[in-house]
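Structure first, then comments.
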Amino acid sequence: MIRGRLKAALDALFAQGVEEGLWSSAAAGRYAVELPKHEGMGDFATNFALVVAGADKKKPRDIATLVVERLRGQTELIARCEIAGPGFINITISPEVWRGLVPTILGAGPAFGRSQVGGGRRVMVEFVSANPTGPLSVGHGRQAILGDSIARLLEATGHDVYREYYFNDAGRQMRVLGESTRARYLELLGLPAQFPEDGYQGEYIVDIARALVEEHGDALKDHQEVEPFKAKAQDYIFKDISATLARLGIVFDNYFNEHSLYEDGHIDDVVAILRSKGYVYEKDNAVWFKTTAFGHEQDRVIIKSSGEPTYRLPDIAYHREKFRRDFDWLIDIFGSDHIATVPDVLAGVKALGYDPDKVTVVLHQFVTLTRDGKTVKMSTRKANFVTVDELVDEVGVDAVRFFFMMRKADSQMEFDLTLATRESQDNPVYYVQYAYARLCSILRQATEKGVQADLGHCALLTEPEELGLLKTLSTFPAAVESAALELAPHKIIFALMELAGQWHSYYNKHKVVGDDRVLSAARLSLIEALKVALYNGLTMVGLSAPERM
RNA sequence: GGACGGGUAGCUCAGCUGGAUAGAGCGUUGGCCUCCGAAGCCAAAGGUCGCGGGUUCGAAUCCCGCCUCGUCUACCA
């Protein structure tokens, strides 16, 4: 907010300088206003003089002198400014400006941090998209939280967001699932059963089989078709997945079944269109998509010689359906195992005449699970994985959300189960929530004592910690915006931890509600502003903001 | 072999559209509750930012090469 004002002032100064012939316009838009890393360098620093001097082959300090002279005239915004080092200009903002943020933030309330930069653009976020073969594992958990928090941040910044889950309930995986269920069913009836070699060994299969026994008794024992078993398993697992997602606070607008692409003829349409454009040919009895036309190394099969499509074809058809539903921005959240399919799908999108730049793929790396310092191998089939539900049982929804949001998508992350269970109290989510609860507690006690926040006394906020807190508060809206537009929820987490940390420090050093009622009133207004920011930040990404804990 | 992503403190990770003395949490060590919540604060120790070149006033950040780890590289999804 304040930084924006300063940047605008510099831009005006730059333009004026060009007009007066002080420097050329070569450096336009290349200088930056940043937060200095160290104490004693003012509130902001700009490399203005360095960049302008570099572009014009002049001495940085000469330029800096000119700039400083002019900035010093702007007393309502700037308290001090000086030249430092090779030509940096360090600027100290007038404390009045910082204090002015308190009424601004309180006035904005729930709107503080939120914005309309999205301009109502329609965005689809596709995520999770796990086939219904078993409960969601920790790996899916990362994806679920990542996708949902990206969606929430986009909503907070004025986007019209649609959440979609893409799944496939046909194919070999599902047949094996059905056969596994049948085997368990027969076992429960005490009948001989042959469990598939690569069957799903999870305990949940037994639960499903048990439900079938309760429902049908042994009526299905001679049933040769796998269908009733598969249907039951799929139905059961889907309910389980939805329940897990709901627990995490995740609700989808739509579940898109891959199967519908066949029934509606979209698969055939895609092949026909690609063929008419010359991107498809037959070889070895299979149908190939000419991805080499898009700079790829080799062409890819889209319909096998058996007549069945490969996974690429429905993926492309699915993306075509997304485009046909008229979204402005398509975001795909995928695990890194999908890396290879992304270029094929984008080539397909382009071949069909759609703009691949409207698609952003967020690839997240895998979650490595460790227990007692050792890596745990996971497989849905062997059922030796940890489920999202188990995780939530152990550490709670907020901790799970916070933990997965903390890390940027493209870093492999380690999930230490020993730590998660044994030391869940150390989870940094409590650091932020505690800051909020502590602040609420003070506000409650102030009310009991009859002390109220009073904006009229903000001039008393003179402590460095108070101005520091205001400074950080001023960066909050920009943090939300960049977290949203860069699809990087971890940025909001770091912003929250920064705010919480400064508040904890301030609390330990200064008393908010003390003997001086006027000073107390001023400080209460500051922490009310802080409360607005913490509340908005936490809830914006689906975390709770507990008033007591 | 190729594509993509990692390699930053003992551990887990930020910083990466170039900026001044590289950060946080955990762990370690030492302090702080007769006073608004100690789930907190303060301080200390801890670093060849994988390695080597290059670009420039300036590189953890950009470029090139190399090492290393992960995922992928199917007429499996």
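No experiment lies behind these values; they were computed from the predicted model shown. Note that these values count all heavy atoms, side chains included, but never hydrogens, waters or copies made by symmetry. Note on naming: letters A, B, ... go to the chains in the order of the sequence lines (proteins, then strands), and numbering restarts at 1 for each one.
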What's [X] touching, base or sugar-phosphate or nothing? Going by heavy atoms closer than 4.0 Å.
X         : answer
Ala53(A)  : nothing
Ala45(A)  : base
His338(A) : nothing
Met406(A) : nothing
Ala437(A) : base
Tyr507(A) : base
Phe88(A)  : base
Phe494(A) : sugar-phosphate

For this session: Quick one: list whatever passes side-chain contact (heavy atoms from CB on, under 4.5 Å) with Tyr535(A), sequence neighbours left out.
Result: Tyr436(A), Thr539(A), Ala545(A)
Please verify the inter-ring angle class for [X] with [Y]; under 30° counts as parallel, over 60° as perpendicular, anything in between as tilted.
X         : Y         : value
Tyr279(A) : Phe289(A) : perpendicular
Phe238(A) : Tyr255(A) : perpendicular
Phe48(A)  : Tyr31(A)  : tilted

Sticking with atom [atom1], work out how far [N] lies from [M], rounded to a whole angstrom.
N      : M      : atom1 : result
G23(B) : C49(B) : C1'   : 12 Å
G50(B) : G7(B)  : P     : 7 Å
C63(B) : A3(B)  : P     : 15 Å
G47(B) : U8(B)  : P     : 14 Å
C76(B) : U68(B) : C1'   : 30 Å
G6(B)  : C41(B) : P     : 31 Å
G53(B) : U17(B) : C1'   : 24 Å
A39(B) : G46(B) : P     : 30 Å

Can you tell me how far [atom2] of [N] sits from [atom1] of [X], to the nearest Å?
X         : N      : atom1 : atom2 : answer
Phe404(A) : C13(B) : CZ    : P     : 12 Å
Glu498(A) : C13(B) : CD    : P     : 21 Å
Met549(A) : G40(B) : CE    : C1'   : 11 Å
Lys509(A) : G40(B) : NZ    : P     : 20 Å
Asp337(A) : C76(B) : CG    : P     : 17 Å

For this session: Go through residues 280-304 of chain A and report each residue with a non-hydrogen atom lying under 4.0 Å from RNA chain B, sorted by number.
Result: Asp284(A), Ala286(A), Glu297(A), Arg300(A), Val301(A), Lys304(A)
Problem set entry | Those residues of residues 510-521 of chain A lying under 4.0 Å from RNA chain B by at least one heavy atom | His510(A), Lys511(A), Val512(A), Val513(A)
Could you list the residues that satisfy salt bridge (Lys or Arg N to Asp or Glu O under 4.0 Å) with [X], not counting sequence neighbours?
X         : result
Glu282(A) : Arg275(A)
Asp11(A)  : Lys7(A)
Asp315(A) : none

Exercise. Glycosidic conformation of C11(B), syn or anti, with 90° from 0 as the boundary?
Worked result: anti
For nucleotides 4-6 of chain B, print each protein N/O atom paired with a nucleotide N/O atom at under 3.5 Å, atom names and distance only.
{"unit_1": "G5(B)", "atom_1": "O2'", "unit_2": "Asp410(A)", "atom_2": "O", "d": "2.6"}
{"unit_1": "G5(B)", "atom_1": "N2", "unit_2": "Gln412(A)", "atom_2": "OE1", "d": "3.3"}

Would you please confirm or rule out a distance under 4.0 Å between OP1 or OP2 of [N] and any side-chain N or O of [X]?
X         : N      : result
Tyr431(A) : C41(B) : yes
Ser505(A) : C42(B) : yes
His504(A) : G37(B) : no
Ser441(A) : G37(B) : yes

Nucleotide of [options] approaching [X] most closely (side-chain heavy atoms):
X         : options                : result
Ala84(A)  : A39(B), A20(B), A77(B) : A20(B)
Arg407(A) : A77(B), C41(B), C13(B) : C13(B)
Arg438(A) : A77(B), A38(B), A39(B) : A38(B)

Flag the pair [X] and [Y] as a salt bridge only when some basic side-chain nitrogen lies within less than 4.0 angstrom of an acidic carboxylate oxygen.
X         : Y         : answer
Asp344(A) : Arg312(A) : yes
Lys350(A) : Asp357(A) : no
Arg3(A)   : Glu34(A)  : no
Arg523(A) : Glu466(A) : yes

Distance criterion of 3.5 Å, no angle test: do you see the side chain of [X] paired donor-to-acceptor with the base of [N]?
X         : N      : result
Tyr434(A) : A39(B) : no
Asn90(A)  : A20(B) : yes
Ser305(A) : C75(B) : yes

Exercise. Can you name the residues that form a ring-ring contact (aromatic ring centres under 6.0 Å, His included) with Phe366(A), not counting sequence neighbours?
Worked result: none
For nucleotides 55-57 of chain B, print each protein N/O atom paired with a nucleotide N/O atom at under 3.5 Å, atom names and distance only.
none

Exercise. Tyr318(A) and Phe256(A): aromatic ring centres closer than 6.0 Å?
Worked result: yes
Problem set entry | Check: Phe334(A) ring centroid to Phe127(A) ring centroid under 6.0 Å | no
Exercise. Can you list every ring-ring contact (aromatic ring centres under 6.0 Å, His included) pair that touches residues 503-529 of chain A, not counting sequence neighbours?
Worked result: Tyr431(A)-His504(A), Tyr434(A)-His504(A), Trp503(A)-Tyr507(A), Tyr506(A)-His510(A)
Seminar exercise, completed: Here the helical stems involving RNA chain B, each at least 3 consecutive Watson-Crick or G-U pairs closer than 3.5 Å, sorted by first residue number, are B:1-7 with B:67-73, B:10-13 with B:23-26, B:28-32 with B:40-44, B:50-54 with B:62-66
For this session: Ignoring hydrogens and angles, tell me if any N or O in the side chain of Asp398(A) forms a donor-acceptor pair with the backbone of Ser544(A) under 3.5 Å.
Result: yes
Problem set entry | Main-chain N/O of Val301(A) paired with Thr310(A) side-chain donor or acceptor, under 3.5 Å | yes
Problem set entry | side-chain hydrogen bond (donor to acceptor under 3.5 Å, both in side chains) partners of residues 477-486 of chain A, not counting sequence neighbours, each pair once | Glu486(A)-Lys491(A)
Problem set entry | Distance-minimising heavy-atom pair for Ser305(A) and Asp284(A) | CB-O, 4.0 Å
